[in-house]
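What follows is one structure encoded as structure tokens, with my remarks underneath.
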Amino acid sequence: MKIAIGCDPNAQQAKEDMIRFINEKEYGEVTDFGSDDEIYANVAVQVAYAVASGEYDRGILICGTGIGVSLAANKVRGAYAALLSDVYSAKRARLSNDANIACMGAFTVGSKLREELVDAFLTNEFVPGCSSQPKVDAVRAYDQ
């Protein structure tokens, strides 16, 4: 799996911890899209384009709350960013919604929970044809 990750300067340490966690778990190849830009929308959109284009399988974005990066990423056609704060929602983001980008807050979610969220997000898969398929199709129709 190819994973794109980025954050704003507030979340630099959280991003580095997440890269280390993903590498330890051997979830896939991680590419760091940076964290120096004060305008979090810039890195969020870069990650979103990389995932939406199919170059990367999943994306992870972190800012202070995760709200700003999720709003920005969702402006990109084909990017489906979910703001995660609990493990159940992280699983459902994949299983029920086929989200391809996980967004989290560095100030609102502790480091251990961030690991659990990413674990759930990267280890669950959407099953085409499942009962959620019509809902996912309806959301994607808005991209057209």
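From a predicted model like this one, the values you see are computed outputs, not experimental measurements.
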Query raised in the report: If you measure only the distance, is there a donor-acceptor pair under 3.5 Å linking the side chains of Asp143 and Tyr80?
Result: yes
Query raised in the report: Quick one: are Ile60 and Ile22 in side-chain contact, heavy atoms under 4.5 Å?
Result: yes
Query raised in the report: Would you find a donor on one side and an acceptor on the other, under 3.5 Å apart, between the side chain of Asn74 and the backbone of Ala81?
Result: yes
**Report entry** Where at least one partner belongs to residues 112-122, residue pairs that pass salt bridge (charged side-chain N to carboxylate O under 4.0 Å, His left out), sequence neighbours excluded
**Finding:** Lys112-Glu115
**Report entry** Where Leu113 and Val87 come nearest, the two heavy atoms and their spacing
**Finding:** CD1-CG2, 4.1 Å
Query raised in the report: Is there any salt bridge (charged side-chain N to carboxylate O under 4.0 Å, His left out) pair reaching into residues 31-55, and which pairs are they, with sequence neighbours excluded?
Result: Lys15-Asp32
Report task. Taking the side chain as every heavy atom from C-beta outward, state whether Phe121 and Arg58 have any atom pair closer than 4.5 Å. Result -> yes
Query - Path from Tyr49 to Phe33 over hydrophobic side-chain contacts below 4.5 Å - result: no
Query raised in the report: For the residue pair Ala11 and Ala106, what are the closest heavy atoms and their distance?
Result: CB-CB, 3.7 Å
Report summary line: So CG of Leu117 and OG of Ser85: to nearest 0.5 Å the spacing works out to 7.5 Å
**Report entry** Pairs meeting criterion side chain to side chain donor-acceptor pair (under 3.5 Å) with involvement of residues 94-105, two or more places apart
**Finding:** Arg92-Ser96, Arg94-Asp98, Arg94-Glu125, Asp98-Arg140
**Report entry** Verdict with reasoning, Met104 to Val118, per side chain to side chain contact (heavy atoms under 4.5 Å, CB included)
**Finding:** CA-CA 9 Å; Met104 293 166 279; Val118 167; 3.5 Å; yes
Query raised in the report: Which atom names give the shortest non-hydrogen contact between Leu61 and Ala73, and what distance separates them?
Result: CD1-CB, 3.8 Å
Query raised in the report: Are the side chain of Ser53 and the backbone of Ala50 linked by a donor-acceptor contact shorter than 3.5 Å?
Result: yes
Requested in this report: Can you measure from CD (Gln13) to CD1 (Ile62) and round to the nearest 0.5 angstrom?
Outcome: 10.5 Å
Query - Heavy-atom neighbours of Phe21 CZ exceed 12 at 6.0 Å - result: yes
Report task. Check which hydrophobic residues are tied to Leu71 through side-chain heavy-atom contacts below 4.5 Å, counting indirect links as well, and list them. Result -> Ile67, Leu83
**Report entry** Hydrophobic cluster (4.5 angstrom, side-chain heavy atoms) - remaining members for Phe126
**Finding:** Val136
Query - Exceeds 12 heavy-atom contacts within 6.0 angstrom, atom NZ of Lys2 - result: yes
Query raised in the report: With no hydrogens and no angle check, do the side chains of Gln46 and Asn42 hold a donor and an acceptor under 3.5 Å apart?
Result: no
Query raised in the report: Looking only at heavy atoms, which two atoms of Gly34 and Val43 are closest? And how far apart?
Result: O-CG2, 3.8 Å
Query raised in the report: Hey, are the side chains of Ile3 and Asp57 touching, using non-hydrogen atoms and a 4.5 Å cut-off?
Result: no
Query raised in the report: Shortest non-hydrogen contact from Ala52 to Val76?
Result: CB-CG1, 4.1 Å
**Report entry** Test side-chain contact (heavy atoms from CB on, under 4.5 Å) applied to Tyr56 and Thr31, Ile5, Ile101, Val47, the passing residue
**Finding:** Thr31
Query raised in the report: If you group Ile, Leu, Val, Met, Phe, Trp and Tyr by side-chain heavy-atom gaps below 4.5 Å, do Val51 and Met1 land in one group?
Result: no
Report task. Look at the side-chain heavy atoms of Ile, Leu, Val, Met, Phe, Trp and Tyr, link any pair under 4.5 Å apart, and say whether Leu95 and Tyr27 land in one connected group. Result -> no
Query raised in the report: Considering residues at least two apart in sequence or located in another chain, which fulfil the side-chain contact (heavy atoms from CB on, under 4.5 Å) criterion with Tyr40?
Result: Asp8, Val69
Report summary line: Residues Gly68 and Cys63: closest non-hydrogen pair is N-SG, 3.9 Å
